[in-house]
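Read the structure below first, then the notes.
Please read these numbers as outputs of a predicted model, since none were measured by experiment.
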Amino acid sequence: MSNFLQQTLEDKDKAGVYLAGPDTRLIAAAAQAAGLALWRVDIGHVHDQQGFTGLVAKALAFPEWFGGNWDAFEDCLGDLSWQPAPGYVLLLEHGKHFGAGHKHEFVTAVEVLAAVAEYWRGQGKPFWAIVSGPEGWDAGLPAFAPA
């Protein structure tokens, strides 16, 4: 399964924003095996856009010019020149609090992440943003379930 998972993560055409269950260890291992840049960000206590973008910016070591707004967030994720890799996997762990409790901000985050995935697809690289949450949670995202 992990070899298939690794091949899935390497596929730029399948990359995007997905929902996974609470255990993302296999995804992380497959991303590392594929040589993709991997970040695990716990968003379990995020309440707003500043909290979300701040945590991701810290994890990915965004440049000092990062302004903290959605446009700057998208610009940084669409650059990543300081994080060269054949592709990117952003695991957003414990996402239910942010996704269910702060729906407007969560939807905007998903829209930005989807636009970034589309940009990287055009560059020939996969960009995955995988939100983890408890089993049975419907975040309105497609399930990350390689078949």
Side-chain angles (χ1 to χ4, degrees), residues 1-2 5-6 8-34 36-83 85 87-123 125-147:
M1 174 67 168
S2 64
L5 185 55
Q6 178 181 333
T8 298
L9 291 174
E10 292 171 338
D11 188 342
K12 67 176 175 42
D13 294 324
K14 293 180 182 173
V17 185
Y18 291 87
L19 178 66
D23 187 354
T24 58
R25 289 178 293 183
L26 289 176
I27 297 169
Q32 290 176 322
L36 304 178
L38 168 70
W39 300 280
R40 298 178 88 140
V41 181
D42 185 344
I43 61 169
H45 298 287
V46 168
H47 299 284
D48 56 21
Q49 177 261 328
Q50 291 81 13
F52 177 77
T53 59
L55 282 175
V56 174
K58 183 177 179 182
L60 278 68
F62 278 10
E64 288 187 27
W65 59 260
F66 172 61
N69 59 51
W70 288 121
D71 289 336
F73 185 71
E74 185 172 350
D75 289 346
C76 285
L77 287 176
D79 179 351
L80 296 176
S81 58
W82 62 94
Q83 302 280 0
Y88 306 99
V89 177
L90 177 59
L91 292 177
L92 300 167
E93 299 178 316
H94 308 110
K96 185 174 181 182
H97 173 77
F98 183 48
H102 307 280
K103 190 74 169 170
H104 177 73
E105 291 87 353
F106 179 76
V107 167
T108 302
V110 167
E111 290 170 351
V112 170
L113 292 167
V116 169
E118 183 66 28
Y119 166 78
W120 282 111
R121 188 174 300 117
Q123 303 303 307
K125 293 184 178 188
F127 179 93
W128 296 86
I130 301 173
V131 180
S132 74
E135 297 297 338
W137 173 47
D138 180 8
L141 298 172
F144 182 77

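In terms of the salt bridge (Lys or Arg N to Asp or Glu O under 4.0 Å) criterion, residue partners of E93 (sequence neighbours excluded) are, by chain and number, R40.
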task = Could you walk me through whether H97 and V46 pass side chain to side chain contact (heavy atoms under 4.5 Å, CB included), step by step?
result = CA-CA 7 Å; H97 173 77; V46 168; 5.6 Å; no
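Side-chain contact between F127 and L113: present, with at least one pair of heavy atoms (C-beta onward) separated by less than 4.5 Å. Here the side chains of T53 and F62 are not in contact, with every heavy-atom distance at 4.5 Å or above. Taking the side chain as every heavy atom from C-beta outward, V56 and L92 approach each other to under 4.5 Å. Counting heavy atoms from C-beta outward, V116 and E74 have side chains that approach closer than 4.5 Å.
Test W39, Y88, Y18 against W128 for ring pair (Phe, Tyr, Trp, His ring centres under 6.0 Å) and you get one pass: Y18. The side chain to side chain contact (heavy atoms under 4.5 Å, CB included) with L90 is formed by just one residue from the set L38, I130, L60; it is L60.
Classified by interplanar angle (parallel below 30°, tilted 30° to 60°, perpendicular above 60°), the ring pair F52/W70 is tilted.
Heavy atoms only, all atoms of each residue included: F66 and C76 are closest at CD1-SG, 3.8 Å. Of all heavy-atom pairs between L91 and A28, the closest is CD1-CB, 4.0 Å. Annotation for P126 and L36: closest pair CG-CD2, 4.3 Å, computed over non-hydrogen atoms. A72 and G68 get closest at one heavy-atom pair: CB-N, 4.3 Å. In plain terms, the two heavy atoms of L77 and W120 that are nearest each other are O-NE1, 2.7 Å. Listed here is the closest heavy atom pair of V41 and A59: CG2-CB, 3.5 Å.
The line from CG of L80 to CD of Q123 is 11.5 Å long, rounded to the nearest 0.5 Å. Atoms NZ and NZ, on K125 and K12 in that order, are 13.0 Å from each other to the nearest 0.5 Å. Once rounded to the nearest 0.5 Å, the distance linking CG of L19 with NZ of K96 reads 11.0 Å. In this structure, L9 CG and Q6 CD are separated by 8.0 Å, a value rounded to the nearest 0.5 Å.
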Donor-acceptor contacts, no H, no angles, side chain residues 132-145, under 3.5 Å, sequence neighbours left out:
unit_1: S132; atom_1: OG; unit_2: H94; atom_2: N; d: 3.1
unit_1: D138; atom_1: OD1; unit_2: G140; atom_2: N; d: 2.9

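Other residues, nucleotides and ligands place more than 12 heavy atoms under 6.0 Å from the NZ atom of K103.
Judged by distance alone, the side chain of H102 and the main-chain N or O of D48 form no donor-acceptor pair under 3.5 Å.
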